[in-house]
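To keep things clear, I will list the structure first and then write my remarks on it.
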Amino acid sequence: MTGMCGRFSQYSPVADLVAGFDVDETVTDDGRPWRPRWNIAPTQDALVIASSADGTIRKAGPMRWGLVPRWADDIRIGNRMINARTDKVATSNAYRAALAKRRCIVPVDGFYEWAKPTVAAAGAGRTSKTPFNIHRADHAPLALAGLWETFSDAHDHLLRTFTILTCEANAPTARIHDRMPVILAASDFDRWLEPTPLGDDERARMFTPAPDDLLAYDEVSTLVNKPSNDSPELIEPVERHTRP
DNA sequence: CCAGACGTTGTT
DNA sequence: GTCTGG
DNA sequence: CCAGACGTTGTT
DNA sequence: GTCTGG
């Protein structure tokens with residue numbers, strides 16, 4: 001199927017989400033004020049931070065999740081471009097241009113991963129996957145590494161779209177799932193947002209799983225499965241520090 | 001040259 | 001657009 | 001990521 | 001099973 005890191009939250013106040021990114025301007029979502037979100041799904045708008053083409057202005061604003069390459073003629077291509085693998089992104093026709101010049105940061109409160117049922121659970125008749133909310137242990141927002149593009153639709157409407165980079169899971173996350181989003185260190189924010197190509201060494205440094213002690217996770221309700229559910233209840237732990 | 005892909009994960 | 005495959 | 005649709009013609 | 005929509 002499609003990507004991993006397929007759902008996330010942005011419920012902190014915008015000022016908290018963009019804190020630390022030295023943003024010059026925050027664009028509202030089509031004139032609507034930002035509202036907290038606990039269940040952002042592919043094709044929906046999220047708050048994303050990116051630089052102007054010349055690198056002088058840093059903006060936070062809405063982009064649609066699911067990168068649509070410039071050459072695409074159908075926005076639906078984005079439905080399966082919600083993640084970009086770090087081991088393929090530099091050579092991919094779909095992502096290479098964005099990797100060189102259009103990197104972005106997605107500030108999230110947490111992201112969701114679904115664990116397959118354990119052998120024991122499956123034996124007991126449980127066949128559905130279990131959702132987990134993964135967040136910083138101190139509950140501060142996380143900076144996910146992304147890429148963005150502009151897409152001009154049939155009516156010449158300009159649409160900004162983005163994707164989230166994925167790498168191998170770190171040790172705690174691997175108990176739930178074998179992939180995870182790339183989480184940037186604060187010392188890499190400025191370089192990541194510069195619209196100039198990265199060197200091999202820079203990619204090697206940034207494209208690594210987050211440190212094992214950065215994150216914590218909670219099992220959550222399957223209410224999160226349904227994209228139309230969007231409330232604080234989705235991040236309430238149903239069990240703390242459980243194993244999948 | 002033109003045609004066709006361009007993506008990810010999970011599962012088998 | 002740009003690359004690979006035929 | 002998960003949820004939900006997936007089809008056509010003719011008749012009421 | 002596979003695709004689209006959110």
Side-chain angles (χ1 to χ4, degrees), chain A residues 1-10 29-30 35 37-46 62-102 106 108-119 122 126-135 144-153 159 161-169 173-182 197 207 209 217-231 233-235 244:
Chain A
M1 290 280 107
T2 50
M4 184 262 62
C5 188
R7 232 51 97 68
F8 61 87
S9 59
Q10 290 184 322
D29 191 355
D30 292 331
R35 62 188 176 93
R37 296 291 313 276
W38 289 267
N39 197 5
I40 297 175
T43 72
Q44 297 180 346
D45 278 1
M63 294 193 196
R64 178 188 161 104
W65 190 9
L67 186 142
V68 181
R70 303 185 94 80
W71 40 260
D73 51 10
D74 187 341
I75 192 177
R76 286 175 300 183
I77 288 178
N79 291 4
R80 292 197 291 178
M81 311 271 280
I82 65 171
N83 295 132
R85 294 179 62 100
T86 52
D87 56 347
K88 305 267 180 66
V89 70
T91 51
S92 146
N93 284 334
Y95 294 137
R96 189 179 30 205
L99 177 66
K101 294 184 173 181
R102 284 177 295 279
V106 189
V108 306
D109 284 288
F111 57 92
Y112 299 99
E113 299 287 0
W114 279 257
K116 283 185 294 182
T118 60
V119 173
R126 283 201 168 278
T127 55
S128 62
K129 294 204 249 181
T130 305
F132 287 80
N133 177 37
I134 303 177
H135 53 85
L144 306 190
L147 309 176
W148 66 283
E149 283 285 4
T150 54
F151 173 73
S152 198
D153 72 12
L159 190 70
T161 64
F162 75 97
T163 190
I164 294 172
L165 273 70
T166 61
C167 59
E168 291 177 5
T173 309
R175 307 212 297 205
I176 302 168
H177 198 81
D178 61 354
R179 309 279 305 165
M180 72 184 294
V182 173
F207 291 177
Y217 58 83
D218 305 302
E219 184 179 337
V220 293
S221 154
T222 54
L223 283 172
V224 72
N225 291 11
K226 198 175 167 117
S228 58
N229 290 332
D230 190 10
S231 73
E233 193 179 356
L234 303 194
I235 60 166

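In what follows, every chain begins at residue 1, and chains take the letters A, B, ... in the order their sequences are listed.
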If only side-chain N and O atoms count, and only distance matters, is there a donor-acceptor pair under 3.5 Å linking A:Arg64 with A:Thr43? no
Considering only nitrogen or oxygen atoms on both sides, find all protein atoms under 3.5 Å from nucleotides 1-3 of chain C and state each distance.
unit_1: C:dT2; atom_1: O2; unit_2: A:Asn93; atom_2: ND2; d: 3.4

Can you tell me how far P of D:dC1 sits from CZ of A:Arg37, to the nearest Å? 19 Å
Separation of D:dC1 C1' from A:Ile235 CD1 (nearest whole Å): 18 Å
Just need the stems in DNA chain D: three or more back-to-back Watson-Crick or G-U pairs, each with both distances under 3.5 angstrom, sorted by first number. D:1-6 with E:1-6
If you compare every side-chain N and O of A:Arg70 against the phosphate oxygens of B:dC6 (OP1, OP2), does one of them come in below 4.0 Å? no
Check the distance between B:dC6's P and A:Arg85's CZ and give it to me in whole angstrom. 15 Å
Hey, does the side chain of A:Thr163 reach the backbone of A:Met81 with a donor-acceptor pair shorter than 3.5 angstrom? yes
Answer with base, sugar-phosphate or nothing: what part of the nucleic acid does A:Pro42 contact at a heavy-atom distance below 4.0 Å? base
Please measure how far the P atom in B:dC1 lies from the corresponding atom in D:dG10, and state the result in whole Å. 49 Å
Could you work out the separation of B:dG4 and D:dG7 based on their C1' atoms and round it to a whole Å? 29 Å
Do A:Ile176 and A:Tyr217 have side chains that approach each other closer than 4.5 Å (heavy atoms only, starting at C-beta)? yes
Nearest to the side chain of A:Asn225, which nucleotide is it out of D:dA3, B:dT11, D:dC1? D:dA3
Between A:Glu168 and A:Arg179, is there a salt bridge with N-O shorter than 4.0 Å? no
Euclidean distance, atom CG of residue A:Asn229 to atom P of E:dG5 [Å, nearest integer]: 21 Å
Listed by chain and number, what are the side-chain contact (heavy atoms from CB on, under 4.5 Å) partners of A:Asp230, not counting sequence neighbours? A:Arg35, A:Arg37, A:Trp38, A:Asn39
Whether A:Asn229 side chain and A:Leu223 backbone form a donor-acceptor pair below 3.5 Å: yes
State whether A:Thr166 places a side-chain N or O below 4.0 Å from either non-bridging phosphate oxygen (OP1 or OP2) of B:dT9. yes
Expressed in whole Å, how much space separates the P atoms belonging to E:dC3 and B:dC6? 13 Å
Identify, with sequence neighbours excluded, every residue that meets salt bridge (charged side-chain N to carboxylate O under 4.0 Å, His left out) alongside A:Asp153. none
Say you pick atom C1' in B:dT9 and the same atom in D:dC2; how far apart are they, in whole Å? 14 Å
At 4.0 Å (heavy atoms only), tell me whether A:Tyr95 reaches a base, stays on the sugar-phosphate, or touches nothing. sugar-phosphate
Judged by modelled atom types alone, do A:Trp71 and A:Asn93 share a side-chain donor-acceptor pair under 3.5 Å? no
Atom CD1 of A:Ile82 to atom P of E:dG5: distance rounded to whole Å? 15 Å
So which nucleotide from D:dA3, B:dT9, B:dT11 ends up closest to the side chain of A:Lys116? B:dT11
Set of side-chain contact (heavy atoms from CB on, under 4.5 Å) partners for A:Lys101, sequence neighbours left out: none
Categorize A:Ala84 for me: base, sugar-phosphate, or nothing, with a 4.0 angstrom heavy-atom threshold over every strand shown. sugar-phosphate
Atom-to-atom span, NZ of A:Lys129 to P of B:dT9 - whole angstrom: 12 Å
Might you point out which heavy atoms bring A:Ile82 and A:Gly6 nearest each other, and give the distance in Å? CD1-CA, 4.2 Å
What integer distance in Å separates A:Gln44:CD from D:dC2:C1'? 12 Å
Taking OP1 and OP2 of E:dG6, is either one under 4.0 Å from a side-chain nitrogen or oxygen of A:Lys226? no
Name the nucleic acid region contacted by A:Asp178, choosing base, sugar-phosphate or nothing; use a 4.0 angstrom heavy-atom cut-off, strictly under. sugar-phosphate
A:Glu149 CD - B:dC6 C1' separation (whole Å): 12 Å
Who pairs with A:Phe8 by ring pair (Phe, Tyr, Trp, His ring centres under 6.0 Å), at least two apart in sequence or on another chain? A:Trp65
